[in-house]
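Remarks on the structure that follows.
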Amino acid sequence: MKVALLDDFHPIIHKTFSSWNWEIIDGKNWTSEDFQLNAVSIEGIVIRSKFKLTGNQLKFAKKLKFIARPGSGLENIDLKYCKENNIEVFRSPEGNRDAVAEHTLGMILNLINHINITNLEVRKNIWERENNRGTELKGKVMAIIGYGYMGKALAQRLSGFEMEVIAYDKYLSGFGSKDVKEVDLNEIFQTADLVSLHTPLNEETIGMFDKHFIKKFKKHFILINTARGKSVILKDLVESLRSKKIIGACLDVLDIESSNFNINNSNNKYFEDLKKFRNVVLSPHVAGWSFESKEKMAKVILEKIHQKFQTYIND
């Protein structure tokens, strides 16, 4: 098997492919044009977010058998083309769900206890206690929208906080457990104190969290987004923060991110406004990017490839 590695991955991927006697092509510095020039002989691709693998790109890879994406999102891959051309697509959300859940919880605790703010204030010899009173999670209602690997991992970690955890997933049902109550969107609109998004990026979720969606919530609430930035309209988020309909936000992703997860600020007015809010905690799309998750994602992907292509493996 001839496999192109198009990004920087945990060394276990290269080591394992070598142990299978597979030919490895280092494509981490390739452009999309380089891919087209080299695609004709490639049988496997491992990629994160180098560039989009559209049908127009993939048509050059006549021998392609699989695409592996260590991580969860597949929005950079033309899944329709892959299905029509019998190209297997692998992902590994099992590998970074723990990192996402812990990061999400860390951002929430940071926000409601003003940790970022007080850290900076104390360093400036400002000892302000009254204005930095925290808010407890106990007794609050946490709503999770999207109950896949990430949503479930967060619910498990919230069980010790004595919160009411509710969740909605358009594509899943019957997932209620001791950690979570399965509900419809209306119950989330009526009862949520905090809302955490764990949805994939697709036609249904792009721009989902806009002013019309926000208006449906009965309570003022905190928004957490560690999924995809383009699901939340930044302009509407800023306006809702101003009106205090949203009383705080934890954002690991933003709709000004480019397709390869770099920020595309260009002096975006609403991003500049967002940065002025003290009740917003930001991080650079690193929720699932722990040291441990990099290895776990690689191991999950390798196991899935091994199971599917055992006849190509000499081990």
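Keep in mind that this is a model prediction, so the values were computed, not measured.
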Crowding at OH, Y312 (>12 non-hydrogen neighbours, <6.0 Å): no
Residue list, side chain to side chain donor-acceptor pair (under 3.5 Å) with E43, at least two apart or on another chain: K65
side-chain contact (heavy atoms from CB on, under 4.5 Å) between L197 and I145, intermediate numbers included: CA-CA 5 Å; L197 301 184; I145 299 179; 4.0 Å; yes
Aromatic ring pairing W20/H306, orientation class (parallel under 30°, perpendicular over 60°, tilted between): tilted
Backbone N/O of H212 and side chain of D210: donor-acceptor pair under 3.5 Å: yes
Heavy-atom donor-acceptor pair, K244 side chain to L241 backbone, under 3.5 Å: no
Path from I13 to W289 over hydrophobic side-chain contacts below 4.5 Å: no
Any donor-acceptor N/O pair, R228 side chain to V253 backbone, under 3.5 Å: no
Backbone of L5 reached by a side-chain donor or acceptor of K28 within 3.5 Å: no
I247 CD1 to L111 CG distance, which is reported to the nearest 0.5 Å: 8.5 Å
If you look only at distance, which donor and acceptor atoms sit under 3.5 Å apart when one is on a side chain in residues 102-109 and the other is two or more places apart or in another chain?
from: H103; atom 1: NE2; to: S283; atom 2: OG; distance (Å): 3.0
from: T104; atom 1: OG1; to: V100; atom 2: O; distance (Å): 2.7
from: T104; atom 1: OG1; to: T226; atom 2: OG1; distance (Å): 3.3

Residues R278, E128: salt bridge by 4.0 Å N-O rule: no
Interatomic spacing from CG in L64 to CG in N85 - rounded to 0.5 Å: 9.0 Å
4.5 Å side-chain heavy-atom contact, D252 and H285: yes
Check ion pair E272-K275 (N to O, under 4.0 angstrom): yes
Test side-chain contact (heavy atoms from CB on, under 4.5 Å) applied to L194 and L137, step by step: CA-CA 9 Å; L194 301 95; L137 288 178; 4.2 Å; yes
Check: K170 and T205 side chains under 4.5 Å, non-hydrogen atoms: no
Summary of side chain to side chain donor-acceptor pair (under 3.5 Å) pairs that have at least one residue in residues 187-200, sequence neighbours excluded: K181-E187, D193-K219, S196-H198
Hydrophobic cluster membership, V141 vs I188, 4.5 Å side-chain cutoff: yes
Pair R157 + D98, salt bridge at N-O below 4.0 Å: yes
CG-OH distance between L53 and Y81, expressed to the nearest 0.5 angstrom: 11.0 Å
Derivation of the side-chain contact (heavy atoms from CB on, under 4.5 Å) call for Q156 and R97: CA-CA 11 Å; Q156 290 170 340; R97 59 185 168 186; over 6 Å; no
Linked, directly or transitively: I12 and F17 (ILVMFWY side chains, under 4.5 Å): yes
Side-chain (N110) to main-chain (N116) donor-acceptor, under 3.5 angstrom: yes
4.5 Å side-chain heavy-atom contact, L234 and N268: yes
pair F309-M1: side-chain heavy atoms closer than 4.5 Å: yes
Under 3.5 Å: donor-acceptor pair, side chain of K140, backbone of E136: yes
Backbone N/O of L37 and side chain of D34: donor-acceptor pair under 3.5 Å: no
Electrostatic pair K80:E84 at N-O distance under 4.0 angstrom: yes
Aromatic ring pairing F221/F209, orientation class (parallel under 30°, perpendicular over 60°, tilted between): perpendicular
Approximate separation, where rounding is to 0.5 Å, of N76 CG and S49 OG: 6.5 Å
Lys/Arg N to Asp/Glu carboxylate O, D8 vs K294, below 4.0 Å: yes
K296 NZ: over 12 foreign heavy atoms closer than 6.0 Å: yes
ILVMFWY network linking I222 to F217, side-chain heavy atoms under 4.5 angstrom: no
Side-chain (E257) to main-chain (L254) donor-acceptor, under 3.5 angstrom: yes
Criterion side-chain contact (heavy atoms from CB on, under 4.5 Å) on D255 and L237, from CA distance to verdict: CA-CA 11 Å; D255 72 358; L237 171 60; over 6 Å; no
Inter-residue atom distance I214.CD1 - K216.NZ, 0.5 Å rounding: 11.5 Å
Separation of T135 OG1 from I112 CD1 (nearest 0.5 Å): 6.0 Å
Hphob cluster co-occupancy, L158 + V183, side-chain heavy atoms under 4.5 angstrom: no
Parallel, tilted or perpendicular, as decided by the 30° and 60° cut-offs, for the rings of Y147 and F175: parallel
Heavy-atom side-chain contact between F60 and I42 under 4.5 Å: no
Lys/Arg N to Asp/Glu carboxylate O, K211 vs E239, below 4.0 Å: no
Derivation and outcome, salt bridge (charged side-chain N to carboxylate O under 4.0 Å, His left out), residues K299 and E303: CA-CA 6 Å; K299 287 181 175 179; E303 179 59 29; over 6 Å; no
